[in-house]
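Keep in mind the model is a prediction, meaning the values are calculated, not measured.
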Amino acid sequence: MSTVAITLPDGSVRQFNGPITGAELAADIGPGLATAALAIKIDDELIDLSRSIDCDSTVEIITRKSDDALELIRHDAAHVMAEAVQELYPGTQVTIGPAIEHGFYYDFARDEAFTPDDLEKIEAKMHEIVKRDDAFVREEWDREEAAKHFKDIGEKYKAELIEGFPADEPISIYRQGDWKDLCRGPHMPSTGHVGKGFKLQKLAGAYWRGDSDNEMLQRVYGTAWRDEKELKAHLHMLEEAEKRDHRRLGREMDLFHFQEEAIGSVFWHPKGWTLFQSLIDYMRDRQTDAGYVEINTPDIMDRGLWEKSGHWEKFSENMFTTEAKEDRVFALKPMNCPGGVQVYNQGIKSYRDLPLRMAEFGKVHRFEPSGALHGLMRVRAFTQDDAHIFCAEEQITDECRIVCQLILDIYSEFGFDDVRIKFSDRPAKRIGSDEIWDKSEAALKSAVEAAGLEYTVNPGEGAFYGPKLEFVLRDAIGRDWQCGTLQVDLNLPERLGAFYVGADGEKHHPVMLHRALFGSLERFTGILIEHYAGKLPLWMAPLQAVVATITSDADDYAYEVLDALKAAGIRAEIDIRNEKINYKVREHSHAKVPAMLVVGQREIEDRKVALRRLGGKDQEFLALDKAVARLAEDCRSPAA
RNA sequence: GCCGCCGUAGCUCAGGGGUAGAGCGCACCCUUGGUAAGGGUGAGGCCGUGAGUUCAAUUCUCACCGGCGGCACCA
């Protein structure tokens, strides 16, 4: 029998005379570890404690304190939930139930719908099962036998899963008490390890195997943690996230609203529109610096143009159409590119004109599925900070690199430093030959690599005319949002007849790079509201300062302060209401006004103001002109 | 689009077969108060829309519309 050498994370090595289980290894290291051990990890793979290690390996023993413990707890919680559901509601079929970020879910098939009350019952039953502390026992079954077993007990989804597994994959069944489930594992030693730090959260529909052609199952979501304290902390975090929901803040801060007559389209209020415009101003400055020119193209254009571009065929499901009294059919633009090409096509372009960077703050309309709509994040009409860069093939790499750099610089200016990049290649529904796709994918890939950026591949998710990079940013509370995009397009210039005259005197099609940095201004505004929890930086805050009086004796001076602020270009209002200063401070703090200038007798006498910043505990007494100068400086856009 | 839940005052929500309540906000009055809620009075609702059951529907049933949470789809 050959010996087995186990290397532990601290570098120490232990020799054994033959295969050894994770449990035995833990016991060999110490009795404390033997009871604390939940699983082992070999080469980044988690494995049951009961499974044996039969060759030299590096092994980490996973305990409740390990980062990996959460995944085990959550996965086990899913199994416990499935058992609870089948105990309470016989005849319910189980399907799949993985651990996910912050928790777990399990998809069930049952004719009757679960109700919120059922969640409580299921949760109570889960606590019982955890208390029973049944051991998780792994068994390997013969494939046919397993498939037959699940079919016999009416679990057609499990049977279907088994039939879909690769022939060489062992079929493992995990047993907990009398209940068993088809599962790849691993699991902790027993149900008791799930503990009490879990809670069922919501019911949802979910398609079997994620395919909308399949039947819908009932998904139960739960969250699970090491203990009740961690659970409580997480629930608290969720409450905080809810408070910064942009839909709620949008109403509280009087920024925008939605209504039935225009579902999925924003009604911007004066304050919201000010914020929106400050972002456009910022981007316009940045783009001018980066060598862009700005254009504007029609919102409604003839069907013929969309047929030529390929949108009619490949994108019409998402398009609004309209007609007037003549019998021509028009479409509301879902993208700005065809319009942009029309501007490019005016006059003859020379290779000396390239790269030509044409920006457009274009408002596009897309018919999104009703269930997809979500505040400002997902709407049916949105403004893109779009641009089309017309360039020669040999300029692709450079131009892409510059765009990537611009995107990352700008995101970082808003405090988004955690940016992920996805590379999306050719979709099934596309225009253009495979040769063109080979070429454009290769060009984009080499450009992103030249920019020194890491990315993951998103197969089949490209635009119908070309591959794209998607810039996903992570906000202050860890949520991901897709914003910027950069696409290489060798198709539309040809379809829409764009040319330039090369140095060789011949006509060539330019390459078109489509790019947007914020992506959708609406979405980006929503992200910023949530990212800053409504406490917007001064330069984009719709209302930057409020002058508030202590008593009405200060009214005249307050107006003087207000005029000084306005003269310095600061968006300011005055509050001379007959209310106590406490009340005014509280109200304007809730309204997230970044600066408050309080004036009373003392300030009048010295021509000063008491400057209080949002969230600040104390105030500063400053001479009026000094306070105005300082605020004006703080209100300046970083791009100005 | 699909599944589930929800729709009562500007907002947050209670109620319930006999046509309605609270807190905040709003208006007016008193109060002129130094950094997160001073007091009083009052106005405000086709109880989402339409049909059905009923002597009677905001309440029960159904349909539609919209919102929310997921799924699917995407900036």
Practice task
Remember a base hit wins even if backbone is also touched, and classify A:Gly484 as base, sugar-phosphate or nothing at under 4.0 Å, heavy atoms.
Solution key: nothing
Practice task
Please report, rounded to the nearest Å, how far the P atom of B:rG69 is from the CZ atom of A:Arg247.
Solution key: 4 Å
Problem - Proximal nucleotide (of B:rC26, B:rG70, B:rU32) relative to the A:Ser552 side chain - result: B:rU32
Exercise for the section: For A:Gln487, report the nucleic acid contact type (base, sugar-phosphate, nothing); a contact means any heavy atom under 4.0 Å. Expected result: nothing
Exercise for the section: Kindly indicate whether a cation-pi arrangement holds for A:Arg74 with A:Phe104, taking the cut-offs as under 6.0 Å to the six-membered ring centre and within 45° of the axis. Expected result: no
Exercise for the section: For A:Thr485, report the nucleic acid contact type (base, sugar-phosphate, nothing); a contact means any heavy atom under 4.0 Å. Expected result: nothing
Problem - Touch class at under 4.0 angstrom, heavy-atom based, for A:Phe518 against every strand present - result: nothing
Practice task
Determine the interatomic distance between C1' on B:rG23 and the same-named atom on B:rG44; round to the nearest Å.
Solution key: 15 Å
Practice task
Could you tell me whether A:Gly205 contacts a base, only the sugar-phosphate backbone, or nothing, with contacts defined as non-hydrogen atoms closer than 4.0 Å?
Solution key: base
Exercise for the section: Using a 4.0 Å heavy-atom cut-off across all strands, classify A:Ala372 as base, sugar-phosphate, or nothing. Expected result: base
Exercise for the section: Would you sketch RNA chain B in dot-bracket for me? Only Watson-Crick or G-U wobble pairs with both distances under 3.5 Å count, crossing pairs as [ ], other-strand pairs as |, the rest as dots. Expected result: (((((((..((((....[..)))).(((((.......))))).....(((((..]....))))))))))))....
Exercise for the section: Provide the distance between the two C1' atoms, one in B:rG7 and one in B:rG45, to the nearest whole Å. Expected result: 14 Å
Handout entry: Which nucleotide in B:rA75, B:rG1, B:rA37 has an atom nearest any side-chain atom of A:Arg586
Key = B:rA37
Exercise for the section: Pick base, sugar-phosphate or nothing for A:Gln259, based on heavy-atom distances below 4.0 Å to the nucleic acid. Expected result: nothing
Problem - Selection from B:rA36, B:rA75, B:rG70 that lies nearest to any side-chain heavy atom of A:Arg612 - result: B:rA36
Handout entry: Presence of donor-acceptor pair under 3.5 Å, side chain of A:Tyr207 and base of B:rG1
Key = yes
Fill in the blank from the handout: Residues passing the ring-ring contact (aromatic ring centres under 6.0 Å, His included) test with A:His234, sequence neighbours excluded, are A:His102, A:Trp225
Problem - Cation-pi geometry met for A:Arg110 and A:Tyr89 (6.0 Å, 45°) - result: yes
Problem - Given B:rG1, B:rG69, B:rU35, the nucleotide with the shortest approach to the side chain of A:Ala610 - result: B:rU35
Exercise for the section: State, yes or no, whether a side-chain contact exists between A:Phe267 and A:Gln259 at a heavy-atom distance under 4.5 Å. Expected result: yes
Problem - Nearest-nucleotide pick for A:Glu470, side chain only, options being B:rA75, B:rG38, B:rC26 - result: B:rA75
Practice task
State whether A:Tyr221 and A:Lys202 meet the cation-pi test: NZ (Lys) or CZ (Arg) under 6.0 Å from the six-membered ring centroid, and within 45° of the perpendicular axis.
Solution key: yes
Practice task
Give A:Val364 one of three labels, base, sugar-phosphate or nothing, depending on what nucleic acid heavy atoms sit under 4.0 Å from its own.
Solution key: nothing
Exercise for the section: Would you indicate which nucleotide in B:rC74, B:rG66, B:rC71 comes nearest to any side-chain atom of A:Glu461? Expected result: B:rC74
Exercise for the section: Answer with base, sugar-phosphate or nothing: what part of the nucleic acid does A:Gln482 contact at a heavy-atom distance below 4.0 Å? Expected result: sugar-phosphate
Exercise for the section: For B:rU58 versus B:rG52, give the span between their P atoms, rounded off to a whole number of Å. Expected result: 13 Å
Exercise for the section: Using the C1' atoms only, state how far B:rC74 lies from B:rG1, rounded to an integer number of Å. Expected result: 14 Å
Exercise for the section: Look at all strands and tell whether A:His588 reaches a base, only sugar-phosphate, or nothing, counting heavy atoms closer than 4.0 Å. Expected result: nothing
Handout entry: P gap between B:rU19 and B:rA37, integer Å
Key = 41 Å
Exercise for the section: State whether A:Phe367 and A:Arg380 meet the cation-pi test: NZ (Lys) or CZ (Arg) under 6.0 Å from the six-membered ring centroid, and within 45° of the perpendicular axis. Expected result: yes
Problem - Sugar-phosphate only, base, or nothing, as touched by A:Ala206 at under 4.0 Å among non-hydrogen atoms - result: sugar-phosphate
Completion exercise
Looking only at B:rA72, B:rG34, B:rG69, the nucleotide nearest the A:Ser212 side chain is B:rA72
Problem - A:Val585 side chain, from C-beta outward: closest of B:rG34, B:rA36, B:rC71 - result: B:rA36
Exercise for the section: Considering only atom P, compute the distance from B:rC73 to B:rA57 and round it to an integer number of Å. Expected result: 47 Å
Exercise for the section: When you get a sec, tell me which of B:rA75, B:rC26, B:rG33 is the closest nucleotide to the side chain of A:Tyr583? Expected result: B:rC26
Fill in the blank from the handout: Ranking A:Leu376 and A:Ala204 by the position along RNA chain B of their nearest nucleotide, the one closer to 5' is A:Ala204
Exercise for the section: Would you indicate what A:Arg251 reaches in the nucleic acid, counting non-hydrogen atoms under 4.0 angstrom: base, sugar-phosphate, or nothing? Expected result: sugar-phosphate
Exercise for the section: Using a 4.0 Å heavy-atom cut-off across all strands, classify A:Ile263 as base, sugar-phosphate, or nothing. Expected result: sugar-phosphate
Handout entry: Flag for A:Asp281-A:Gln277: side-chain donor and acceptor within less than 3.5 Å
Key = no
Fill in the blank from the handout: Between A:Gly615 and A:Arg366, whichever has its closest RNA chain B nucleotide further toward 5' is A:Gly615
Practice task
Establish whether the base of B:rC73 is bridged to the side chain of A:Arg378 by a donor-acceptor pair shorter than 3.5 Å.
Solution key: yes
Problem - Minimum-distance nucleotide to A:Gln601 side chain [options: B:rC74, B:rC73, B:rG34] - result: B:rG34
Problem - A:Val266 and A:Glu522, any side-chain heavy atoms less than 4.5 Å apart - result: yes
Handout entry: Side-chain touch A:Ser520/A:Thr383, heavy atoms, less than 4.5 angstrom
Key = no
Problem - Touch class at under 4.0 angstrom, heavy-atom based, for A:Ile550 against every strand present - result: base
Handout entry: 4.5 Å side-chain heavy-atom contact, A:Val457 and A:Lys422
Key = no
Handout entry: Between B:rG39 and B:rU32 - C1' atom distance, rounded Å
Key = 14 Å
